[in-house]
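In what follows, a structure is listed as structure tokens, so that the remarks can point back to it.
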Amino acid sequence: MNESLSQIFIATLLTNNFVLAMFLGLCPFLGVSGRLGTALPMGIATTFVMLVASLCAYGLNLLLSAFHLDFLRLISYIVVIASSVQLVEMVMKKYSPALFRALGIYLPLITTNCAVLGVALFQTARDYNFSQSLAFSLGGGAGFTLALVLMASLRERLQLANVPTLVQGTALSLILAGLLSLTFMGFAGLGGGE
Amino acid sequence: MTEPIPVHTTPGNKMIITMGLVASICGVLIVGAYESTQDAIANNKRIMVERAVFKVLPGAAKVNEYVATPSGIQPLTGNVPEGGMKFYAAYDQAGALKGIAAEAAGKGYADIVRVLYGYDTQCQCIIGIGVVSMRETPGIGDKIITDPAFLKNFEALDVRVNTEMTALANAVKVVKHGSKQNAWEIDAIAGATVTSKAVGRGINESAQKLMPLLVPHIAELKP
Amino acid sequence: MSANKPVDESITFDTFMEGVWRQNPVFVMVLGMCPTLAVTVSAVNAVSMGLATLFVLVSSCFLVSLIRNLVPKEVRIATYIVIIATFVTLVDYIIQAVSLSLYEALGAFIQLIVVNCIILGRAEAHASKNPPLKAVVNALGMGIGFTIGLLALGATREILGAGKLFGFSLFGEHFQPWVVMVLPPGGFFVLGGWLLLFSFMRSRSEKGVAHE
């Protein structure tokens, strides 16, 4: 079955949201979602890295399958993604210092984010072609940003609430994330049906 | 490797040597694991395919992989060519053709639902389905494997090809629960319409493509 | 190897127990969350994932510790990642050879062990500074702690969400499963609940100390 680009985008953005339905990229989701001010740039930086990773993975996969080296896939994905992110970081620092200042501190953190490797692995597993991979990585990044921004807004509001000390911290964030995830389940069925 | 490391900087060649050394150790490990597990994995995959096919085609004992292309059918070697379609030919104990099994996929409620269907060459109908993978809501969407009324649809689902051999004579259609009238219609599960439709649409799509390619050559499969 | 620091070399019971209890990766440090929540829909999946991670953790810590004096500082992270990815590939093939249905259930999360922060964290913080035996003992503790955490989550979710444990029905025919528990939100809720329980226990024991 051939999925259309918009189907893939909507599915990764909402129904199969990377964070809330597939549990990818939870560490930054819980770690950086304290303030809206950092959540948004983090999300954008991650989307950008996902795009780079997706492109690299697509090219690598072509190369690896041409030589029947499937067993090297994982190791080459992680090494190439990590080094290409470093490269992008250096280029950005040289030619666009403003952008680097905005995103730079987040880039190294993102390399070992499982959402990034997840994009690469899932698009390979699902045999996406070039444009499908692009839609998948953009949708995944947008979904990650959406989840992060929603979570950060909720947690900012929560600071005004009177929460028992016992519940504060990670436990509260998790239950909040659970409620968000429950909300996102309402999107299921989008793009299916008729 | 034993010379003392100079303060703060490491010469480039030492870095490269170390990385190269580590990489070659890792390479040997990976290739070793790949080589030694290859047979077991291939065997597991075969068993899994057989088990799935035997479920949708009761009485089958042997499975061969084929690919159907506009230029005919041939045993599958390597990857499925562009425009081709993979299917399984199942034979019984005596070696007679028991039926055909093929995969179908449709967009369900949560994600893509993949099913395997068994096709009987005599009645030109689908005689069983099994789920390959799905992530539908437990207790609702998974009725497609547990609901006996729904599975009854697939005891003899009509997928005859038209006389021009270009498409199915009647497209497989999912109808509202309780309104099935023709042999090519699927009675949806009440409360799990989206998943039922995913199955129906997937089977229609797959059969529309496979049957016109397969039926003219079906005799070639008979031993 | 470093004779001037003999204290660091001794392997105590705490080297092992650190990961199992005091620094439990799931309940205390809340690390490696992706597999923790994604695969714990049943106890079997949880244990398999735990054991796969345990294997990768122990073998990569051993190798990292073995070559810790050879690797230049600048390339150490890259080296660790390559080592970890190697062992993950190994596990990937082993699981495929043992059981394909298990492999399908765990899906891409086996390969995602590579980016599990626990492993890189242990390699960097412990194995790169300690002799092989000690590193292995510590990694074993961490891995077992992780497995226990996963099992606790998986068992809770399976009991509540499907009324089963390790595939055996517990409550008989009339149990209405609490389906949401095996769905994604349930993962968040159950882990949140466990963390709540632990923080409750901690506050109880702190109060107890304060009263004495």
Side-chain angles (χ1 to χ4, degrees), chain B residues 1-52 109-111 114 131-143 146, chain C residues 38 41-42 55-56 59-60 62-64 66-105 107 157-158 160-164 175-186:
Chain B
M1 284 311 206
T2 45
E3 79 264 0
I5 303 165
V7 194
H8 291 313
T9 50
T10 314
N13 57 355
K14 186 175 188 293
M15 285 194 227
I16 291 172
I17 289 171
T18 323
M19 288 292 280
L21 207 71
V22 171
S24 40
I25 296 173
C26 293
V28 168
L29 277 174
I30 290 182
V31 173
Y34 177 71
E35 291 290 331
S36 53
T37 53
Q38 194 62 340
D39 293 338
I41 292 172
N43 197 29
N44 271 347
K45 284 201 172 131
R46 196 180 47 78
I47 292 173
M48 206 150 160
V49 165
E50 280 182 354
R51 204 176 292 156
Y109 196 64
D111 207 345
R114 286 176 200 287
V131 170
V132 179
S133 72
M134 68 162 180
R135 280 187 44 218
E136 304 295 281
T137 323
I140 303 172
D142 63 1
K143 279 192 192 147
T146 54
Chain C
V41 289
S42 73
F55 171 78
V56 176
S59 15
S60 33
F62 176 71
L63 200 57
V64 164
L66 214 55
I67 59 167
R68 68 188 188 283
N69 293 332
L70 297 178
V71 179
K73 198 164 93 269
E74 292 87 340
V75 293
R76 73 178 191 287
I77 299 287
T79 318
Y80 299 161
I81 288 182
V82 171
I83 291 174
I84 294 168
T86 306
F87 285 111
V88 173
T89 314
L90 244 62
V91 164
D92 193 72
Y93 282 116
I94 293 170
I95 292 184
Q96 277 190 61
V98 171
S99 159
L100 266 185
S101 47
L102 183 64
Y103 183 74
E104 308 235 306
R157 287 178 72 183
E158 198 180 349
L160 295 177
K164 293 176 185 164
F175 177 72
Q176 182 65 45
W178 194 1
V179 172
V180 78
M181 284 303 162
V182 290
L183 294 174

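Lettering follows sequence order; numbering is per chain, from 1. Just the heavy atoms: all of them, side chains too, but no hydrogens, waters or symmetry mates, feed the values below. Please read all numbers here as calculations on a predicted model, not as lab measurements.
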Contacting moiety of C/Leu183, where chain B heavy atoms sit under 4.5 Å:
side chain

Heavy-atom distance under 4.5 Å between the side chains of B/Thr18 and C/Thr79, does that happen here?
no

Can you tell me which portion of C/Val98 sits under 4.5 Å from chain B's heavy atoms? Options are side chain, backbone, both or neither.
backbone

Counting heavy atoms not belonging to B/Arg51, are there more than 12 under 6.0 Å from its CZ?
no

Of the non-hydrogen atoms in C/Thr86 and B/Leu29, which two are nearest, and what is the gap between them?
CG2-CB, 3.8 Å

Return the option, out of C/Ala97, C/Ser101, C/Ala162, C/Ser99, with the maximum number of heavy-atom pairs under 4.5 Å with chain B.
C/Ala97

Among C/Val88, C/Thr89, C/Asp92, which one satisfies side-chain contact (heavy atoms from CB on, under 4.5 Å) with B/Ile30?
C/Thr89

Please flag which part of C/Tyr103 lies under 4.5 Å from any non-hydrogen atom of chain B: side chain, backbone, both or neither.
neither

CG (C/Leu90) and OG (B/Ser36) are apart, to the nearest 0.5 Å, by 8.0 Å

Once rounded to the nearest 0.5 Å, what's the spacing between atom CE of B/Met15 and atom CZ of C/Arg76?
12.0 Å

C/Phe55 atom CZ: more than 12 heavy-atom contacts under 6.0 Å
yes

Rounded to the nearest 0.5 Å, how far apart are CG of B/Asn44 and CD of C/Gln96?
9.0 Å

Considering all heavy atoms, the nearest B/Lys14-C/Leu70 contact
NZ-O, 3.2 Å

At a heavy-atom separation under 4.5 Å, does C/Val82 approach chain B through its side chain, its backbone, both, or neither?
both

So CD1 of C/Ile67 and CD1 of B/Ile25: to nearest 0.5 Å the spacing works out to 6.5 Å

